[in-house]
Amino acid sequence: MNKRQMPIIVRNNYMLWIALTFLCAYGAMMVFSATSYQCAMSKDYNYDSFALVKRQAMFMAAGFIAILALRFVDYRLLKHFAVLFYLSGIVSILLLKTPLGVSANGATRWVNIPGIGQFQVSEWVKICVIIFLAYLIDRNRNHLNSPKLAFYLWIAGGIPTVMLFFISRDLSSSAVVLGICFIMSFISTKTEKLHIAVFLAAVIVVVLYVWSIWSNMPTAEELNEMSFRVGRIAAWLDPERYAASQGHQTLQGLYAIGRGGVFGKGLGGSIQKLGQIPEVENDMIFSVICEELGIIGALVLIYLFGYLIYQIARVMVSAPDLFGGMLSLGVFAHLTLQAIFNICVNLAILPNTGIPLPFISYGGTAVFCLLAGEMAIVFSIEHRIGEEPRRRRFR
């Protein structure tokens, strides 16, 4: 095969590395900016302003090392262990009900593994669901026209979604897992009308639920007695009314974005991060980016995300087989949904869900699972594009 006939992704595979490296470097820079003051002033971090960013960098380095090693492992081996991966995801959710579960902010999202530390279960579940759904689609490749396959995929994705929602109380991760399942089934099966009907029905239900809260807004005292999720939606609809409680984080994030303007206050110049915005290094880090780097810095970040997702899409359409294409599609759907959700939460377009920004927010489990899990699979698929030129590629 000459250069002109070779798939273009093979000749430009380094762009995937560059996009991922720049995005992780951006994340490490902003984690340091968002946490340096609180670390320098806290005895818990030995007054070390680099404490959290060093932890984040350690997990990032481990993730990149895993990519370098796992990209040479054939991703097709995952077919033989897809069921085990799926069951391990279910078991990990059940561990949240044991004494190993760790609760914070009304949700139980972590498992404390002795000798290792806290592990965020939802990040592992997302990988397991992507692998299992890709396996089911590849196994039923001759039945892609059947609505039954779509229902099977929805059931496979719906089980961990429901478990995360009721056991972990993690609405954001539940929505992401359900979104991954819906996108993979929509793209792989030829049942567009069924998917559109289900999507419209879900939108109507959500709108009616939000309208029911809007038409009977509780007082600040009543809000404290309601469920946490109802409070999040009410605070999103009218954050100023609940500025002293659940609307505080949303308002402070908007203040930070407004202060940044076009060019921002400069790296490290955020005022809102100094104790005003809760969870500033996690789900609200985009607000700090806007305050310090302005609209320009936010657009650069969005461009980096878009370019990485574009490169993953190129791997998807050039994958040697359907299984590889579906794995890439799952990673594509996950990163796209989670980035959109996080940015929309920071802009108060969506209620606060506590969802982190991929590769940017602080969190060792999240960034390691993304790199050593999902991105390693993408690089393994990319590494095999062109090795079998006669194999029918996924389209």
Side-chain angles (χ1 to χ4, degrees), residues 19-60 105 235-236 239-240 243-244 246-308 338-350 352-364 366-367:
L20 183 61
T21 303
F22 270 88
L23 197 58
C24 288
Y26 198 117
M29 176 183 70
M30 293 313 305
V31 167
F32 171 70
S33 179
T35 62
S36 58
Y37 177 79
Q38 69 183 65
C39 290
M41 301 299 293
S42 175
K43 185 179 179 181
D44 295 336
Y45 301 111
N46 295 320
Y47 307 105
D48 181 6
S49 59
F50 290 88
L52 290 183
V53 73
K54 285 191 292 188
R55 294 182 190 177
Q56 188 80 343
M58 180 183 66
F59 281 103
M60 285 182 176
N105 298 325
W236 166 62
E240 294 184 354
Q246 296 197 40
H248 176 77
Q249 188 178 42
T250 299
L251 284 176
Q252 296 302 322
L254 291 176
Y255 293 157
I257 294 172
R259 287 188 75 253
V262 177
F263 299 102
K265 300 300 181 181
L267 188 64
S270 171
I271 300 299
Q272 298 301 114
K273 71 182 181 183
L274 305 179
Q276 296 297 324
I277 305 178
E279 304 294 334
V280 66
E281 73 275 15
N282 294 322
D283 46 300
M284 298 302 292
I285 197 168
F286 184 77
S287 298
V288 178
I289 293 173
C290 292
E291 184 178 4
E292 295 189 348
L293 304 180
I295 296 176
I296 301 299
L299 291 178
V300 169
L301 175 63
I302 293 172
Y303 172 80
L304 288 174
F305 266 116
Y307 191 73
L308 177 65
Q338 195 153 319
I340 291 175
F341 285 173
N342 179 273
I343 294 173
C344 287
V345 165
N346 279 263
L347 297 175
I349 298 174
L350 291 175
N352 195 332
T353 58
I355 193 167
L357 189 58
F359 304 112
I360 305 298
S361 296
Y362 174 76
V367 72

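Of the listed residues (E281, Q38, E292), just one forms a side-chain hydrogen bond (donor to acceptor under 3.5 Å, both in side chains) with K273, and that residue is E292.
Scored by the side chain to side chain donor-acceptor pair (under 3.5 Å) test, K54 finds D48 as partners (sequence neighbours excluded). In this view, S36 satisfies the side chain to side chain donor-acceptor pair (under 3.5 Å) rule with no residue, not counting sequence neighbours.
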Cut-off 3.5 Å, no hydrogens considered: what does the side-chain donor-acceptor table look like for residues 248-264, sequence neighbours left out?
residue: H248; atom: NE2; partner: Q276; partner atom: O; Å: 2.9
residue: Q249; atom: OE1; partner: N352; partner atom: ND2; Å: 2.2
residue: Q249; atom: NE2; partner: P278; partner atom: O; Å: 2.7
residue: Q252; atom: OE1; partner: Q272; partner atom: NE2; Å: 2.5
residue: R259; atom: NH1; partner: E291; partner atom: OE2; Å: 2.3

Identify every side-chain donor-acceptor pair in residues 338-345 under 3.5 Å, counting partners at least two apart or on other chains, and give the distances.
residue: Q338; atom: OE1; partner: K126; partner atom: NZ; Å: 2.9
residue: Q338; atom: OE1; partner: H334; partner atom: NE2; Å: 2.8
residue: Q338; atom: NE2; partner: P356; partner atom: O; Å: 3.4
residue: N342; atom: OD1; partner: N346; partner atom: ND2; Å: 3.3
residue: N342; atom: ND2; partner: D283; partner atom: O; Å: 3.1
residue: N342; atom: ND2; partner: I355; partner atom: O; Å: 2.7

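Pairs of residues two or more places apart, or lying in two chains, that qualify as ring-ring contact (aromatic ring centres under 6.0 Å, His included) and include a residue from residues 27-51 are F32-F50. Residue pairs meeting the salt bridge (charged side-chain N to carboxylate O under 4.0 Å, His left out) criterion with at least one partner in residues 22-40, sequence neighbours excluded, do not occur; the list is empty.
Atoms OG1 and CG, on T21 and L308 in that order, are 10.0 Å from each other to the nearest 0.5 Å. We find the CG-OH distance between L23 and Y303 to be 12.5 Å, quoted to the nearest 0.5 Å. Annotation: the span from L20 atom CG to L304 atom CG amounts to 10.5 Å, rounded to 0.5 Å. To the nearest 0.5 Å, atom CE of residue M30 and atom CG of residue L357 are 10.5 Å apart. Note: C39 SG to D44 CG = 9.5 Å, rounded to the nearest 0.5 Å. Distance check: S33 OG to L293 CG gives 7.5 Å after rounding to the nearest 0.5 Å.
Heavy atoms from other residues, nucleotides or ligands lying under 6.0 Å from CE of M58 number more than 12.
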Discussion item. Checking V367 against I360 for the side-chain contact (heavy atoms from CB on, under 4.5 Å) test, could you report, in this order, the C-alpha distance in whole Å, the side-chain angles of both residues, the deciding distance, and whether it holds?
Written reply: CA-CA 8 Å; V367 72; I360 305 298; over 6 Å; no
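Of all heavy-atom pairs spanning V53 and A28, the tightest one is CG2-O, 3.3 Å. Scanning all heavy atoms of the two residues, the minimum distance from G297 to Y26 falls at O-OH, 2.8 Å.
Between T35 and Y362 there is no side-chain heavy-atom pair separated by less than 4.5 Å.
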